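Notes follow the structure.
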Amino acid sequence: MKKQTAGSLARKEAGWAYFFISPWVIGFILLTLGPMLISLYLSFTNYSLSSTVAPNLKPSLDNYINMFTQDPKFWHSLWVTILYSIVSVPLTLFFGFVVAYLLNLKVPGLPVWRTLYYLPSVTPAVAGAILWGIIFNPSFGIMNWFLSLISIKGPGWLSSQQWALPALIIMSLWGVGGGMIIYLAGLQGIPTTLYEAAEIDGANGFQRLSHITLPLMTPIIFFNLVIGIISSFQFFTGVYVLTRGGPADATLFYNLYLYNNAFRYNAMGYASALAWILFVIVLVLTLLVFKSSSFWVYYEGELRK
Amino acid sequence: MTKKRLVVLSSILIAFSMLLGACGGGKTAGPVKIQIFVGIGTGDAPEQVALHKTLQDEFNASHTDIQIEFLTTLNAEARTKFQTMLASGQPPDLVMPIGIEGVANFQDEWLDISQLVKDDNYDMSDFNAAPVAGESFFGLPIGIYPSVLYYNTDLYDAAGVAYPPHTFGTAGWTYDALIADAQKLTLDANGNNAASASFDPANIVQFGWDGWDWFGSSDSIMKFGGNLKGISTDFKKAELTTKPVVDAFQFEYDTVWKYYVRPNGEQVGALFADDPMSPGIVAAWEIQSWIEYAYPTWNEAFNWDVAAIPSINGKIVAEADFDIFTITKSSQHPKEAWEVAKWLIEPAQMSRLAPSYGCIPSRKSLAATWMADKQAAYPNVDWQVVIDAMGYADFPINHEGWTPAFNQVVDAYTNVEQSILASKDANVTELLTAANEEIQGYLNQYWEAKK
C-alpha cells in the first residue's frame, strides 16, 4: 500500500477543493470578470449593438471626456440619484431598525407581523412598482385618500415634476423588510445578560436602547448602510416601470440614463463608460463608509486603539 | 490503462464531441428557414400568436424550399431582445408587424427592398401606401391606421353642440372651430362651460377635447407647416424656434392652460387609467384607428362616432400609423425573406392579418370588406370617414419618421411636452430654445461621427 505523506494529502485536498469550486470560478471568469473587462474596454470605444454599423474600436478617452464636459444629462441623472440616496438610505435604515425593534418586543401575532413586513422584500419589483402606481394615483389612489382625511389635496404624484422623486423615495420604504430581517437577527443576538445588568443598575428603556442596543447593532447598521448605498445607486426597476425618467427628466436616475444609452440611443460604449463611473462612485462611497466605521462601529471583543 | 483513466478519457471525449456538436451548426441541405420576429409592434396577443401559428403551418405545408418560424416576444422586451440578436450575429430575417417609429429606431438595420421589388416587377398598384422612411424603401404596409376625430355623441347632444363634420375639407372646419366647440363641451363642477365667465378651471369634470394626448405636439409640427420633428430637411439644423414649431407647442399650451379644453398632466394621470374616452368625460379625441381595441368599452358606456380632422392654415394632416414588414440587412437569406413577405401580404393572408392587428388592410381591394365588417359590428359609426382619412395621411414623410439621434430627439421633445402639461408657468419659447440647443448638439454629434 502506497504511503501518503502529509504534503501529498494537503495537495490532494487542495486539488479537490479547486475541483469543487471550479464551476463557480469558471462561471465567474466567463460570466462576470470577462464581461466586466470587456465592458471596460468598450467604454473607451463607440461600440453599439448594431449589426451593420462598424464601430470604431480604437480606444480613446472621448466617452469619459464627453461625459464630464458635454453631457448635462450625466450630471442631472447623477444629481437625481444622489438626492434619492441621501434621503432614502437614512429613511430605510431608520424605519428598518424601528420595525425590527418593535417586532423584537413581545407583541401578539409576532410571526404574522414579521411575515407581513418582510413580504414586500420577496415581491417582484415590477409588481411592487405597479402597485405603487395605483397607490399614487391622484384620483383613486390610497395616498391621496389618506391626505384628504386631513383636508389636504394630494398632488399628482407621478405626473408632477416636484413630487415624482419624493414619491419614489416614499416607495423605497416598501423595501425596509430586507434590512429589518437583518436588524432582527442582530437584535436577537444581543446577550440578555447585558439588559439584565442594566436593569439592575436602574437604566430605563431609552438608556438601554442608547447604551446597549444601538452600540451593539452598529455592525448591522454599517452593513445595511453599505448595502443601502449600493442599491440606491442601482435603483432602476421602479423608475422604469412608473415614470421612465419623467416628467421632464425629474426622475432620470443614473441607471435609467445608462439603460437609455445602451438600448435606446444605441451607444453601448458610452453606456459602458457610465457603468464604470458608477462603479467608481459606489466604490469610493463604500470605502468612505468603511473608513468612517472605525469611529462609530463597535465590534464586541475588539480592542480600541 | 487503468479503469479510472479510461472513464476520465471517455468523459472528456464525450464532452468534447458535445461541444463540437453545439458549436458546429454547419449548413445542412434542405429548406431555408426564415425567422420572423414579432413584438416590436403589435402581435404578441394570444389570438395574434395563434393566427401566426396558423399561417406558419399553412406556409410550411405549401412550400418545400422555405420554411418559416414566427418568433414572438413580449412588446416590452422585444427591442432589447432584437438588439441582442443583432449584436450576437443571429438576426431574424423578417420583422413584422413594425411601425414607422420601430423602423426609425433601427434605421441602419433594414434592407432596402427597392431592388427586390424592381427585380420582381412587383405590382404595388393595389397598395394604399408604400411607406418610405428617409430615402430608403424598407417594406410594404400590411395595414394602415389613419387618425380621425372620435367623439362622444351623448356629450355633444347634452351640450347642444352640433356634431363635427364628417367630410374632410368642410368649409370652416378648422382647429379654431374645434376649440370653440370644445369650450362649450368643457364643464366645471357647477355645470359652467369653459366659454363662460364663471367657469372654474380648478374643478373641471368634463373636457371638450383631449388633443393629441397619445402622440405629442412634436408629431403635430407638420400640421402647422413645419418639417419632420422641426429639423431641417437635410437633418443638420434644429429649427425648434421657427414659427411652425412654436405654433404647435403654443397651441398645446393654450388648449390646456388658456382654453382649458384639454386635461393637463396631472388630470391625465388622475382621470385616465385607460384610454381618455373610456371614462365618458372627454367629448372628442384625435387618435389613430388602432384604438379600436377600446370600441367595445366605449359602446357599453356611451354613443360615439367619427369625424374629419380639422385644418390648420388650410392644410389637413391626418397623422397615420403603419404596420409594415422589414427584412434585416444582416439576414443570410434576404431573397427568401422577400418571398415570405410577399406571401404574407397576399390578399388571402393580409385579410386575416390586418383585422387581427386592428388596422385597415393596405390593399385597396380589401378596404370594402373591412368597411362591411366594421359596419356590421358598429352600425352607428360613419366608417367612410376612416377610409377618407387615408387620403390625408402624412405620407411619405411620416410623423414617426427617422431623424438622426432618433430617441434623443424624441426624449428632448417629450420633456418639452411634459413641462407644458405640468405647469401653467411653463414658457413655451424658453423650453423650445433650450430643446433646440439640446437637439442641435445631438445632430452635431451624429454628423461628426459620420465623418
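Keep in mind that what you see is a predicted model, and the values were worked out from it rather than measured. Just so we're on the same page: letters track the sequence lines, and every chain starts at 1.
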Quiz prompt | B/Phe106 and A/Leu49, any side-chain heavy atoms less than 4.5 Å apart | solution =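 Contact flag for A/Leu49/B/Phe106 side chains = no.
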
Review point. Is any side-chain heavy atom of A/Arg244 closer than 4.5 Å to a side-chain heavy atom of B/Thr414?
Key: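 Not touching, per the 4.5 Å side-chain cut-off.
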
ask   = At a heavy-atom separation under 4.5 Å, does B/Ala449 approach chain A through its side chain, its backbone, both, or neither?
value =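 For B/Ala449, neither part sits under 4.5 Å from chain A.
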
Drop me the distance from [X]'s [atom1] to [Y]'s [atom2], to the nearest 0.5 angstrom.
{"X": "A/Gln70", "Y": "B/Asn444", "atom1": "CD", "atom2": "CG", "value": "10.0 Å"}
{"X": "B/Asn264", "Y": "A/Ser159", "atom1": "CG", "atom2": "OG", "value": "8.0 Å"}
{"X": "B/Gln418", "Y": "A/Gln161", "atom1": "CD", "atom2": "CD", "value": "8.0 Å"}

Does any heavy atom of chain B fall under 4.5 Å from the side chain of [X], the backbone, both, or neither of them?
{"X": "A/Pro155", "answer": "backbone"}
{"X": "A/Asp249", "answer": "both"}
{"X": "A/Ala262", "answer": "backbone"}

Heavy-atom pair with the smallest gap, counting every atom of [X] and [Y]:
{"X": "A/Pro138", "Y": "B/Glu266", "value": "CG-O, 4.3 Å"}
{"X": "A/Ala248", "Y": "B/Ser419", "value": "CB-OG, 3.3 Å"}
{"X": "B/Ala87", "Y": "A/Tyr47", "value": "CB-OH, 4.1 Å"}
{"X": "B/Asp411", "Y": "A/Asn260", "value": "OD2-ND2, 4.4 Å"}

Looking at chain A, which one of B/Glu417, B/Lys329, B/Gln408, B/Glu438 has the largest number of heavy-atom pairs inside 4.5 Å, strictly under?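 Top count of heavy-atom pairs under 4.5 Å with chain A: B/Gln408.
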
* To do: Any chance you could lay out the side chain to side chain contact (heavy atoms under 4.5 Å, CB included) test for A/Phe263 and B/Gln83, step after step, and finish with the verdict?
  => CA-CA 8 Å; A/Phe263 294 106; B/Gln83 280 178 303; 3.3 Å; yes

*Residue, of A/Asn137, A/Asn46, A/Ile134, A/Asn66, that accumulates the most heavy atom pairs under 4.5 Å with chain B*: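 Between A/Asn137, A/Asn46, A/Ile134, A/Asn66, the count favours A/Asn137.
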
| Under 3.5 Å, is there a donor-acceptor pair between the side chain of B/Asn407 and the main chain of A/Tyr265? |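 It does not hold such a pair.
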
